[in-house]
Amino acid sequence: MADGAVPRFWREIPQRYNLIGNQCGACDRIYFPPRESCPYCRRKSMGNMKEIKLGSKGKVVTYTIIYVAPEPFEGQAPYPIAIIELDEGPRVTAQIVDCELEDVKIGMRVQSTFRKIQEDGYIGAIHYGYKFKPLEVKG
Amino acid sequence: MKDIGIVSYGAHIPRLRIKSSDIANAWGKDPGTITNGLGIIEKSVPSIDQDVATISVEAARAALARCSIDPQTIEAIYVGSESHPYAVKPTGTIVGEAIGATPVLQVADYEFACKAGTAAIQTCMAFVKSDMIKYGMAIGADTSQAAPGDALEYAASAGGAAFIIGSEKVIATINETCSFTTDTPDFWRREGRKYPAHGGRFTGAPAYFRHITSNAKILMEKVGSKPEDYNYAIFHQPNGKFPLKVAKMLGFSSDQVKQGLLCPYVGNTYSGAVMIGLASVLDVAKPGDRIFLTSYGSGAGSDAFDMTVTKYINELPREKAPLISQLIENKKYVDYATYTKYRDLLYEE
């Protein structure tokens, strides 16, 4: 049975796969996820928001370890969830993978990786997107 | 005639490993006999959030990180695998979107047991040669299945590699390729079934060895070469023993095979096997090196390639993506219970 989440995930593919945010043409502030208008420039930003592909790198601002996970993520617990500041400025919430729980540190450099986020049971669609892992290649 | 070949490459191997001895212990087998008999020390295991789509995307992004090719100029993506996440819904669509190559793009998923990746290379070559596309991307990746307790469980692992095929700044020219195919049911998975079945010892002489040796000889005859003309030889590696044996049968030394033989450390990555073997060779190759590659896919067929590394290999910043040696080194062991959870072995059909 197809589920109602398919169109919602499909609409968000650019953000989830490639961290596509946008930038206000008036004040240059960058947003992720993208916004319809800039809350600072308001009318001046209308029709003036430019798409921008954010880089894959950032650092951990803060994190927590999830021990009691929501049902679709039960098999993965315990796992870290972090707020990551991308090098361009915006902050995203994401799971940290390929890292021991005790090795997750505030300030650590991370890069995005493409992973399965959740699936709609055994017959529904599979949804992919970003998670973050420790930086592999320096730079 | 223009040179066609590999312009860039990238690979991905999941970080989790399970030791052959741990699987043997779980099933009451002698760990020493199993490990030595198969020549596999440990194998890679996909984590719960990894599948052929995620491995393919990571490999494709690694290939793009090493070059300055605009993803929009990649006009074809072929993903070879026998463990595509969907039976219907191409993995290549997910890869195309994730690397920014959509929407003016030709995509198809391939399946030919362990040789679907090399079939993808051949298709991309033909497209480039006929000027239908500028660049094509060929991927071979698998998170291969094995029934609990089956002999395949010691080998079936996860990994893959992506190759960008083109005709400009080619780092390895593909001089010649040929294929050898027959109807030989040595290994199969029926529609809708979760695990494959195989013909046991029948997978050896009439299947793996016949197809690889026949095709390798046809290729060497075509190009007029001898085993000693090659610096590296890569053979399909369902275990650690077969590739060394087939190399010896053909007159290649174990030194020629070593760099491309990864099965002892990561297991059999099926469609990814010769692909990551080739990536491992390209990690260290120098201009002028000649590479011999022969894949094998059950069912059965073999694709063979004769390649020459060019001066452009020195201009490719190989350090911009993880080398195979780094991917092998970056590992974390899991026990058999965790493995069953991650591989979804407890789910009843």
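Lettering of chains follows the sequences in order, A, B, ..., and the numbering in each one begins at 1.
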Checklist entry - Just wondering, more than 12 heavy atoms not from B:K169 lying within 6.0 Å of its NZ? => result no
Checklist entry - With chain B, which of A:R16, A:Q95, A:E100 has the greatest number of heavy-atom pairs at distances under 4.5 Å? => result A:E100
Checklist outcome for this item: So, the part of A:E119 with a heavy atom under 4.5 Å from chain B: the answer is neither
Item to check | Short side-chain to backbone donor-acceptor contact, B:E58 and A:F114, under 3.5 Å | outcome: yes
Checklist entry - Which atoms form the tightest heavy-atom contact between B:P85 and A:I126, and what is the distance? => result CB-CD1, 3.8 Å
Checklist entry - Nearest 0.5 Å, what's the CZ-CD1 distance between A:R115 and B:I48? => result 12.0 Å
Checklist entry - Nearest 0.5 Å, what's the CD1-OH distance between B:I99 and A:Y17? => result 12.5 Å
Checklist outcome for this item: Pair count under 4.5 Å, heavy atoms only, with chain A: among B:G100, B:A53, B:S47, highest is B:A53
Next on the checklist: Is it true that, when you exclude B:E329 itself, more than 12 heavy atoms of the residues, nucleotides or ligands shown sit nearer than 6.0 Å to its CD?
Outcome noted: no
Item to check | Interchain contact, A:K131 with chain B, by part (heavy-atom threshold 4.5 Å) | outcome: side chain
Checklist entry - Would the number of heavy atoms belonging to other residues, nucleotides or ligands and lying under 6.0 Å from OH of B:Y265 be above 12? => result no
Next on the checklist: Please report the interatomic distance NZ(B:K331) to CG(A:D98), rounded to the nearest 0.5 Å.
Outcome noted: 15.0 Å
Checklist outcome for this item: Note: B:T54 and A:K116 closest approach over all heavy atoms is CG2-N, 3.6 Å
Checklist entry - Measuring heavy-atom distances to chain A, does B:E97 have an atom under 4.5 Å in its side chain, in its backbone, in both, or in neither? => result both
Item to check | Heavy atoms of other groups near B:K341 NZ, more than 12 under 6.0 Å | outcome: yes
Checklist entry - Has B:W188 got more than 12 heavy atoms of other residues, nucleotides or ligands less than 6.0 Å from its CH2? => result yes
Item to check | Full working for side-chain hydrogen bond (donor to acceptor under 3.5 Å, both in side chains) between A:Y79 and B:D49 | outcome: CA-CA 12 Å; A:Y79 58 86; B:D49 58 0; over 6 Å; no
Item to check | B:I55, part contacting chain A, at a heavy-atom distance under 4.5 Å | outcome: neither
Checklist entry - When rounded to the nearest 0.5 angstrom, what distance separates SG in A:C99 from NZ in B:K332? => result 10.0 Å
Item to check | Atom OH of B:Y333 with >12 non-hydrogen neighbours under 6.0 angstrom | outcome: yes
Checklist entry - Should we count CD of B:E315 as having more than 12 external heavy atoms under 6.0 Å? => result yes
